[in-house]
Structures are given as structure tokens and as C-alpha cells.
**Q** 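Input: one structure, supplied below.
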2 protein chains.
Amino acid sequence: MSTDGVSTDAVSGEPSRLRADARRNRERILRTAMRHFSQHGIDASLDEIAREAEVGAGTLYRHFPSREALLAAALEERQAALLAGAQQAREISDAGAALGAWLASLQDYLRSFNGLPAPVLAAVKQQGSPLCLSCNALVALTGEFLDRAQQDGQARRTVTANELFLSALGLAWVLDRAEACGTTREALEKVMAQGYLTPERAEDVTHGGG
Amino acid sequence: MSTDGVSTDAVSGEPSRLRADARRNRERILRTAMRHFSQHGIDASLDEIAREAEVGAGTLYRHFPSREALLAAALEERQAALLAGAQQAREISDAGAALGAWLASLQDYLRSFNGLPAPVLAAVKQQGSPLCLSCNALVALTGEFLDRAQQDGQARRTVTANELFLSALGLAWVLDRAEACGTTREALEKVMAQGYLTPERAEDVTHGGG
DNA sequence: ATGCTATATGGAGACGGTCTCCACTTTCCG
DNA sequence: CGGAAAGTGGAGACCGTCTCCATATAGCAT
């Protein structure tokens, strides 16, 4: 524990110019929040988190002005894991398999906390959200893998990154509230991948339109 | 129950043996609730509904013990419309088109109120919910049209009614919070119908398994 | 060390939501 | 018309979010 006093963190993350006690508190809050979000989902009581982190509610809200801000901070590790997943997926030679691997990683990420899909979806449309940045990145990444699979003739050219990402969100939403509901994750992923129509019929619809 | 002078309503609907004032209040609450759910989504304040219906909170909770109960009552007309939609769909000769029509009606129903997909999904797994009955019926109806389309070779035999219904729920969830998010309902419906994979690739996955 | 100030803290309390409880009012039957 | 059964309203307990500011503290200058 080499306590290096005040040194300004030149390159890295946010908690740079905070006073020592503030940094400590921020950390306590964050750890407690991660535990609570894991256990009780994204609707965990913020005051309860503050209480258990042994700080006042004001302190929590000073560090994290909104639930989303706290959520975003609590998700950083998971996001790192997701990015690692993306890197692994990139190294898969088959474009379709790579896309599949990415979507699987994405599902895992979206199930970090119960109810996570909702704020993520909100962040997609709402500009200023703290989750927004990562969220745009997620769409972009989805686009990257989708493009590759399309180039390779494995994914439909009619599908856009946005659509695929939103579909994945919908799937995650169903999954995290309904796994014990008579279906498996695999089955629903398959429906998303293949659709419910027969191939021949699907092509008709493609050309015929509505 | 020795002296049940008040005859139990054997067959029909709910508002049977209520005192005149009670029936009137129930009706006022229901009308107000329909308006509020329409305007503010399913999270509309119940106390606010009571206030605007000019009844006490206790009265509201006596008639409708939970938000779900009120919701279920407020949805009755919409459910009737949905059933009518099902009947129309039945009369379509093409099995695939019939399935499509049903799913479209279902989407309309699920968008009766903002946020409706969530309680419906909850009702799928939670036995005792007031929405549960209608919800089971919805899965059954979906099964009816899916079966027909499968018989006709238009829908994949690997898909079950439950899966299709849950997918539709996920779609509705995305739609009702994200329509103004860079995508159209039609596009997402198409993804659900066809999947994101190319037909050839989809067949590989079918055989290859997980 | 010591003083000083920017920084950070805690928790009381305003607000709004859910839901219960029961003293009171109303209906309606005999 | 009288009284029991049915129904009512709204006060208030409880819980969650979020703000505000008197107070406490870290860390720099001296």
C-alpha cells in the first residue's frame, strides 16, 4: 500500500483530483453498489446502498448524481470483460461464428444486473445518459461483426446494426425476467437467429414486403 | 357462509352483486384508470387516479387490490378487440398471412399502454396474476396460428408457441420504448420473422446445434 | 506545528408513491 | 322506517428519491 499522496493521475480513469477521503468514499459506494445491483437488480435502493457503505445519502448523490451514473460506474469492470470478449471474437476466422460469439458476450453483459436492458435501451435514445457512450460503442461493435458476416454472406444484408442490437436487447429483456418461464436462452437465441418463418417463406416476405 | 342472502353470481362477469354506489364508483375508477394508463403508461399513480375519480384511495384498493388487477380490468375492451382480431385472422386462408395478422394484432394489444409488456411477461410466469388468464389465452392463440402455419410449411417446426409469444413480447418491449430510436416497427418485425442469418447459414445452425 | 480554505460530509426533511385501517356513511331489505 | 351489511374516505405508516446546508476535514502555505 504505497500511499502516494496526491499525484495526479495523468492518463487513466476519473477519480483523479479527488481528496483522499472522497476517493475512499467513492470506492466504498461503488463496491456496495456492485453488490446490491447484483443481488437486487438495477432498482436496488440507493439510500440503502449509502447506508451500507456507511456514508450519507448526500455523499452518494454527490459522487453519482443519478442512478444511471452509479450504474455506469458499477458496470465498468463488466464492460472491460465485454471488450475482451469482442477481442476474442475478432480472432475467430469464421465471420458467422464471430458474430455469434459477440452476441453471446453481449447477452452476458446485458445480464450483469437484473433489469439492465431497460436503462441501456433508454440510453440508446437519450443523448445525455452516462450509459450512452458505452451504448453507442456497443452498437458500433455490433455493426463491426455484422458487416463482416454480411461480407461473408452469412448475415442478411437487410438487417442493420441498430436493428440487431435492439433485437438483442429485447432478447435480453425477455431472458432476464423469464428464463424460468418454459423456455431456454438457446431456444430464443435460435428464434432470433433464424426467425420463425420457413426459409422459402421468409424470402417471399423479403420480396413481397408487408 | 350460512346466510349468503346475496346470491353468488354463478356464470357471468365480475360487477355482479355490488351495491349501486359501489358499482358506480368502480366504473368511475375504471374510466379514469383507462385514461391515465393511456396517458402515463402502466406506472400511472394509483392515488392520482383515485383522486381524479373522486374516491378515496381505500375505495380504489377495495375494488382493485393491486395495480395488476386494475390493469387487467382496464384492458378488457382491448382484449375484446384482440379477440376480434384473432377471429378476423382465422378467416384468412393463407396460414402464413393468418399468423402474421395475429402477431400484428398482438403487437397492437401489447402497445395499448406504455410499458404493458412487462406485467404481461410477469404474468406468464407468475401463476396468480390477474393478467395471467388472458395471458395464457394469448399463448394458446399464438399456438393455434403457429400450428396452422407449421402444417402449411410456412413456419419453422423448431419454434414453439411459447418462444414465439416471448419473442413477440420482447419485440413489443423494444418498440414501445424505442420507436424513435432509429428504427421502424416493420424493420424489427422483419428481423423477428426472418432472423438475422442468411437462409443457408441458418440451416447449418439448425443442424449443427449449439 | 498551525492556520486557513476549498472540499467534502451527513442526515434531516420535502416530496411523492403505495397501501392499510377503521370510524363513519349509505344502501336496501324486511 | 329502522337496522345490519356493505361500502367509503382519508389520515397516516412506510419506503424510496433527492436537496440543502451547517459542520467537519484534508492538505497547502507558512
**Q** Provide, to the nearest angstrom, the distance between the CD1 atom belonging to Ile49(A) and the P atom belonging to dC18(D).
**A** 12 Å
**Q** Could you tell me the separation between the CZ atom of Arg28(A) and the C1' atom of dG10(C), rounded to a whole number of Å?
**A** 13 Å
**Q** Any side-chain to backbone donor/acceptor pair from Arg90(A) onto Phe145(A)? Under 3.5 Å, distance only.
**A** no
**Q** Let me know, please, whether Asn25(B) or Ser45(A) comes out on the 5' side of the other along DNA chain D by nearest nucleotide.
**A** Asn25(B)
**Q** Drop me the distance from Glu27(A)'s CD to Thr32(A)'s OG1, to the nearest 0.5 angstrom.
**A** 10.0 Å
**Q** Taking atom types as modelled, is there a side-chain donor on Ser129(B) or Glu68(B) under 3.5 Å from an acceptor on the other?
**A** yes
**Q** Which part of the nucleic acid, if any, lies within reach of Arg67(B) when heavy atoms closer than 4.0 Å are counted: base, sugar-phosphate only, or nothing?
**A** sugar-phosphate
**Q** Grab the OH-P distance between Tyr61(B) and dG17(C) for me, whole Å please.
**A** 11 Å
**Q** Round to a whole Å and report the spacing from CZ of Arg24(B) to C1' of dT8(D).
**A** 12 Å
**Q** What nucleotide, of dC19(C), dC18(D), dG9(D), holds the atom closest to the side chain of Thr59(B)?
**A** dG9(D)
**Q** Has the side chain of Asp47(A) got a donor or acceptor that lies under 3.5 Å from a partner of the other kind on the base of dC18(D)?
**A** yes
**Q** Heavy atoms only, 4.0 Å cut-off, all strands: where does Ala22(A) land among base, sugar-phosphate and nothing?
**A** sugar-phosphate
**Q** Has His63(B) got a side-chain N or O lying under 4.0 Å from the OP1 or OP2 atom of dG7(D)?
**A** no
**Q** Under a 4.5 Å cut-off applied to non-hydrogen side-chain atoms, are Phe37(B) and Leu116(B) in contact?
**A** no
**Q** With a 4.5 Å cut-off on side-chain heavy atoms, are Ser167(A) and Val174(B) touching?
**A** no
**Q** What's the NE2-P distance between His36(A) and dT17(D), to the nearest Å?
**A** 12 Å
**Q** Mind calculating the distance between CZ (Arg19(A)) and C1' (dA8(C)) to the nearest angstrom?
**A** 5 Å
**Q** With DNA chain C as reference, determine whether Ala57(B) or Arg62(A) sits nearer its 5' end, using the nearest nucleotide of each.
**A** Arg62(A)
**Q** Given atom CD of Glu48(A) and atom C1' of dC18(D), what is their separation to the nearest angstrom?
**A** 16 Å
**Q** Let me know the distance between CG of Leu18(B) and P of dT26(C), rounded to the nearest Å.
**A** 18 Å
